[in-house]
There are 2 protein chains.
Amino acid sequence: MDQFQSTQPIYLQIMEMIKKEIVSEKLLPQQQLPTVRDLALQYQVNPNTVQRALSELERLSLVKSDRTIGRFVSDDLDLIQSLRQQMIMEKVETFVDDIEQLKVTQEESINYINQAFRERKTK
Amino acid sequence: MDQFQSTQPIYLQIMEMIKKEIVSEKLLPQQQLPTVRDLALQYQVNPNTVQRALSELERLSLVKSDRTIGRFVSDDLDLIQSLRQQMIMEKVETFVDDIEQLKVTQEESINYINQAFRERKTK
DNA sequence: ATTATTGTATTAAGTGTCTAATACAATAAT
DNA sequence: ATTATTGTATTAGACACTTAATACAATAAT
């Protein structure tokens, strides 16, 4: 489970992974997260690195920690929903930026996207 | 012109920028690049950082340097073409990965993409 | 021949990330 | 009451990236 790319800080990559799990409801509102130590084992990184990712998520109010009980996903549905929308738009804008710089037209882009989705459904 | 994001090494970001300029023919085959020192001024970074980006590009055979003359874009059209295709596919796959993790459907994705293109054309 | 310009190399210092080891604080579980 | 488990904090060291300052090598321009 060495899933990290070397060019981006690991704590940011962990943040992003957990954010995705929250907005896609793999982690539900109020659900308890694994402990810092367990996540560190799971991700094969130092507990401090997980701690850093989690405190950033706490800064965004996406998780709350009760000392000695554990950490829980926020129950603020509006916050989660608006974060999801924001993440979607950011991915879309970045993609269209990139693809335009590569001189790919709108029609070609759509074809590529459809093709990629098609390939995923077959496997 | 402080266009760099802090979480990715600058030399990689410069590499990516120049690669995009080559595959999109803003830099033509055999065209001379600015000097290391000029690029450093232009990007507002240390010459060593530019040097690192350029020697990576040289490792990929995308540029060649003639000592004391300067650096030139490769004239290998096949290489450039296949790099472009590879970059496109990588952006597409990454986008579809991300968007699926955000629980966005194929149809919704297409709508978002079309919308983003539409907005660009009006401004 | 001399000078200027090119790419290249080296050394030192500063910063951020990550790990390791350890400890503390609060409280649920026993 | 005691113990175990939770989040949190601290200190030290290793490593990669970046900057700064400087120098060298090769050759085009003069």
Side-chain angles (χ1 to χ4, degrees), chain A residues 1-19 21-22 27-75, chain B residues 1-19 21-22 27-75:
Chain A
M1 234 205 250
D2 244 8
Q3 72 273 62
F4 300 109
Q5 51 157 334
S6 60
T7 62
Q8 190 91 350
I10 295 173
Y11 79 95
L12 289 179
Q13 297 183 56
I14 293 179
M15 254 189 96
E16 185 77 3
M17 289 169 65
I18 298 179
K19 277 169 66 180
E21 291 183 358
I22 293 177
L27 288 173
L28 296 174
Q30 296 185 328
Q31 181 173 346
Q32 181 164 13
L33 293 169
T35 69
V36 170
R37 293 165 177 84
D38 281 351
L39 285 171
L41 284 177
Q42 179 180 323
Y43 292 137
Q44 290 288 300
V45 298
N46 192 279
N48 297 338
T49 305
V50 173
Q51 170 69 19
R52 177 145 187 202
L54 291 175
S55 39
E56 291 292 320
L57 290 174
E58 200 144 353
R59 207 176 40 77
L60 302 179
S61 305
L62 278 172
V63 303
K64 287 272 176 250
S65 63
D66 264 347
R67 200 153 184 159
T68 79
I69 307 185
R71 261 203 188 73
F72 300 86
V73 176
S74 163
D75 60 353
Chain B
M1 228 201 257
D2 244 8
Q3 72 272 62
F4 300 109
Q5 52 158 335
S6 60
T7 63
Q8 189 92 350
I10 295 173
Y11 80 94
L12 288 179
Q13 297 183 56
I14 293 179
M15 254 189 95
E16 184 77 3
M17 290 170 64
I18 298 180
K19 277 168 64 179
E21 291 183 357
I22 292 176
L27 287 173
L28 297 174
Q30 297 186 327
Q31 182 174 344
Q32 181 165 13
L33 294 169
T35 69
V36 170
R37 291 165 178 85
D38 281 353
L39 285 172
L41 284 176
Q42 179 180 322
Y43 292 136
Q44 292 286 300
V45 297
N46 192 279
N48 297 338
T49 305
V50 173
Q51 170 69 20
R52 175 142 189 205
L54 291 175
S55 37
E56 291 290 321
L57 290 174
E58 200 144 353
R59 206 174 43 75
L60 302 180
S61 306
L62 278 172
V63 304
K64 287 270 176 250
S65 64
D66 264 347
R67 199 152 187 161
T68 79
I69 306 185
R71 260 203 189 72
F72 300 87
V73 176
S74 162
D75 61 353

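Every chain is numbered from 1, with letters handed out A, B, ... down the list of sequences.
- Taking atom CG of L33(B) as the reference point, atom P of dG7(C) lies 9 Å away to the nearest angstrom.
- The CZ atom of F72(A) lies 9.5 Å from the CD atom of Q30(A); values are rounded to the nearest 0.5 Å.
- Atom CG of L62(A) sits about 10.0 Å away from atom CD1 of I18(A), to the nearest 0.5 Å.
- Every residue two or more places apart in sequence or in another chain was checked for a side-chain hydrogen bond (donor to acceptor under 3.5 Å, both in side chains) with S6(A), and none qualifies.
- Annotation: salt bridge (Lys or Arg N to Asp or Glu O under 4.0 Å) contacts involving residues 33-58 of chain B, sequence neighbours excluded, comprise E56(B)-R59(B), E58(B)-R71(B).
- Spacing between atom OH of Y43(A) and atom C1' of dT19(C) amounts to 18 Å, rounded to whole angstrom units.
- Residues from residues 55-65 of chain A placing a heavy atom under 4.0 Å of any atom in DNA chain C do not occur.
- With sequence neighbours left out, S55(A) forms a side-chain contact (heavy atoms from CB on, under 4.5 Å) with Q51(A).
- Side-chain contact between V45(B) and V50(B) is present, with heavy atoms from C-beta onward closer than 4.5 Å.
- If you measure from atom CD of Q51(B) to atom P of dT11(C), you get 16 Å, rounded to the nearest angstrom.
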Check nucleotides 16-20 of chain D for protein N or O atoms closer than 3.5 Å to its own N or O atoms and list the pairs.
| from | atom 1 | to | atom 2 | distance (Å) |
| --- | --- | --- | --- | --- |
| dC17(D) | OP1 | Y11(B) | OH | 3.4 |
| dC17(D) | OP2 | R52(B) | NH1 | 3.1 |
| dC17(D) | OP2 | R52(B) | NH2 | 3.1 |
| dT18(D) | OP1 | I10(B) | N | 2.1 |
| dT18(D) | OP2 | Y11(B) | N | 3.4 |
| dT19(D) | OP2 | N46(B) | N | 3.0 |
| dT19(D) | OP2 | T49(B) | OG1 | 2.6 |
| dA20(D) | N7 | N46(B) | ND2 | 3.3 |
| dA20(D) | N6 | N48(B) | ND2 | 2.8 |

Polar atom pairs between nucleotides 23-27 of chain D and protein, under 3.5 Å, N or O only, would you list them?
| from | atom 1 | to | atom 2 | distance (Å) |
| --- | --- | --- | --- | --- |
| dA25(D) | O4' | R67(B) | NH2 | 3.3 |
| dT27(D) | O4' | T68(B) | OG1 | 3.0 |

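- Within the 4.5 Å cutoff, the side chain of L39(A) has heavy atoms near those of the L54(A) side chain.
- What separates CD of Q5(A) from C1' of dT17(C) is a distance of 15 Å, to the nearest Å.
- The strand DNA chain D forms stems, runs of 3 or more Watson-Crick or G-U wobble pairs with distances below 3.5 Å, at C:1-30 with D:1-30.
- The distance from atom CD1 of I14(B) to atom CG of L57(B), rounded to the nearest 0.5 Å, is 10.0 Å.
- Shortest non-hydrogen contact noted between S61(B) and S74(B) is O-CB, 3.3 Å.
- Atom pair D38(B):CG and dT6(C):P shows a separation of 7 Å (rounding to whole Å applied).
- N48(A) meets the side-chain contact (heavy atoms from CB on, under 4.5 Å) test with N46(A); sequence neighbours excluded.
- Using a 4.5 Å heavy-atom threshold, the side chains of Y43(B) and I10(B) count as separate.
- Applying the side-chain contact (heavy atoms from CB on, under 4.5 Å) rule to Q5(A) yields the partners T7(A), Q8(A), Q13(A); only residues at least two apart in sequence or on another chain are considered.
- Checked against side-chain contact (heavy atoms from CB on, under 4.5 Å), E16(A) has the following partners two or more places apart in sequence or in another chain: K19(A), K20(A), M87(A), K91(A).
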